Amino acid sequence: MTQHASPPRDSTDKVPSAAETPAWRAVLFRADVRTLSLLGVLAVLILIGGVTKPDEFLDTRNLQLVLTQASVIGVVTVGMTFVIISGGIDLSVGAIVALASVWATTVATQEFGFGGILFTAVAVGVGCGLVNGVLIAYGGMVPFIATLAMLASARGLALQITDGRTQVVTVDGVLDLGERDSYILGIPPLVLVFAAVTLIGWLVLNRTTFGRRTVAVGGNAEAARLAGIDVRRQRLYLYLLSGLCCGIAAFLLIVLAGSGQNTNGNLYELDAIAAAIIGGTLLTGGRGTIVGSVLGVLIFTTITNIFALNNLQSDVQQIAKGAIIVAAVLVQRRTASTT
């Protein structure tokens with residue numbers, strides 16, 4: 001009985017990789033469509049601003065202002081995105097920013113100059129994140145309750161430190177960062193810091209074991225534990241990361257405002273969560289993108305700027321933001337139901 005040899009395999013034939021399977025293609029397609037949709041929304045907003053107030057909105061200084069304002073909440077949103085992807089939530093980010101900003105601008109702290117202010121802001125942010133992480137990861141507290149308690153405590157402590165007064169920054173090295181002379185190729189230093197944090201966040205989420213563990217914990221914490229991931233330690237690290245981002249944002253806010261106030265960071269938690277949601281991050285965890293969250297921040301900041309230039313009431317602005325959030329969630333649900 002003769003055996004027929006199979007025809008030789010052409011050298012150009014390739015075994016389909018995991019990235020070429022239909023499931024992965026669907027995921028990548030969803031991500032591309034979502035990003036393009038957000039870019040489309042941002043382009044429409046820029047068009048609206050250019051049509052309604054062409055001389056003011058498209059002015060270089062106004063565009064620099066939009067990016068600068070987006071930088072502060074944007075850094076907070078990067079940390080929030082990691083927390084939400086892991087299946088958690090952090091309601092205390094705004095209060096942590098306020099506490100870090102007032103602690104870093106006390107008279108005693110300012111005596112140590114630029115380095116003292118920066119170190120204090122970051123240290124306070126990381127310290128608050130550590131408390132949140134320990135309570136949630138090792139204390140067994142629900143993230144909503146633990147961070148809500150931190151929100152109240154941090155706000156109260158910030159008010160106690162300032163006694164309701166504004167603490168003006170007198171350190172020239174800090175104030176100089178907000179001046180136009182410090183711009184690099186027309187880009188404010190705060191925007192460069194935001195860009196660096198965004199790039200690092202993207203690399204950590206998409207190119208490191210830490211990022212993969214974050215997604216795994218958010219997708220199924222029990223499965224992640226059985227796979228050998230220390231879920232509690234991972235959650236601790238994530239809240240430390242969120243606190244770190246709050247500390248950096250507090251320093252940026254100090255540079256931007258030239259002062260520290262107990263009202264700083266008001267409603268940052270809601271803005272950060274909203275930006276992450278419209279960027280494609282699931283509140284249930286397991287999925288999210290840094291790029292989408294950043295686009296969400298830019299969309300909200302642009303809306304605020306357009307409304308301010310057109311002298312429209314803030315309540316209409318809030319309604320517009322709410323409509324965008326609802327639309328984003330409905331798109332997420334529709335996308336999930338079709339895959």
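Only a predicted model underlies this, so the values are computations on that prediction, with no experimental measurement involved. Heads up: numbering here begins at 1 and tracks the sequence. Hydrogens, waters and symmetry mates play no part in the numbers below; they use all other heavy atoms, side chains included.
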[X] [atom1] to [Y] [atom2] distance, which is reported to the nearest 0.5 Å:
X	Y	atom1	atom2	answer
I290	L203	CD1	CG	10.0 Å
L151	L99	CG	CG	11.5 Å
L175	T170	CG	OG1	7.5 Å
T68	L65	OG1	CG	6.5 Å
L130	L244	CG	CG	12.5 Å
L190	I248	CG	CD1	11.5 Å

Shortest non-hydrogen separation from [X] to [Y] and the atoms involved:
X	Y	answer
V168	Q110	O-NE2, 3.1 Å
I96	A154	N-CB, 4.3 Å
I84	T281	CG2-CG2, 3.5 Å
Y183	P189	CD1-CD, 3.8 Å
V126	L240	O-CD2, 3.7 Å
A275	T77	CB-CG2, 4.0 Å

With no hydrogens and no angle check, is any side-chain donor or acceptor of [X] less than 3.5 Å from a backbone partner on [Y]?
X	Y	value
T109	W103	yes
D59	D55	no
Q64	G186	yes
N62	F57	yes
T106	V102	no

Under a 4.5 Å side-chain heavy-atom rule over Ile, Leu, Val, Met, Phe, Trp and Tyr, are [X] and [Y] clustered together?
X	Y	answer
I161	V122	no
I319	I303	no
L47	L39	no
L236	L241	yes
V72	I273	yes

Inset, instruction - Just do the side-chain contact (heavy atoms from CB on, under 4.5 Å) check on T120 and F112 with the steps written out, would you? - result: CA-CA 10 Å; T120 302; F112 293 94; over 6 Å; no
Give a yes-or-no answer on whether the side chains of [X] and [Y] include a donor-acceptor pair shorter than 3.5 Å.
X	Y	answer
S182	D176	no
Q261	T162	no
T301	T304	no
D90	S242	yes
S92	T147	no

Legend entry - Crowding at CZ, R180 (>12 non-hydrogen neighbours, <6.0 Å): yes
Heavy-atom side-chain contact between [X] and [Y] under 4.5 Å:
X	Y	result
L135	Y239	no
D271	V297	no
V76	C245	no
R232	Y237	no

Inset, instruction - Mind telling me whether F82 and F210 have parallel, tilted or perpendicular rings, with 30° and 60° as the class edges? - result: tilted
Inset, instruction - Would you please test Q234 and L238 for side-chain contact (heavy atoms from CB on, under 4.5 Å) and show each step? - result: CA-CA 6 Å; Q234 185 70 17; L238 287 165; 4.3 Å; yes
Inset, instruction - Using the salt bridge (charged side-chain N to carboxylate O under 4.0 Å, His left out) rule, collect all pairs that involve residues 76-85, keeping only residues at least two apart or in two chains. - result: none
Legend entry - Salt-bridge criterion met for R165 and D163 (N-O under 4.0 Å): yes
Inset, instruction - Check step by step if side-chain contact (heavy atoms from CB on, under 4.5 Å) holds for R155 and N262. - result: CA-CA 7 Å; R155 282 288 179 194; N262 66 286; 5.7 Å; no
Inset, instruction - Determine, step by step, whether F251 and F119 satisfy the ring pair (Phe, Tyr, Trp, His ring centres under 6.0 Å) criterion, reporting the C-alpha distance in whole Å, the side-chain angles of both residues, the deciding distance to 0.1 Å, and the verdict. - result: CA-CA 9 Å; F251 180 77; F119 174 80; over 10 Å; no
Inset, instruction - I would like to know whether S259 and T105 meet side-chain contact (heavy atoms from CB on, under 4.5 Å); could you show each step before the answer? - result: CA-CA 7 Å; S259 62; T105 54; over 6 Å; no
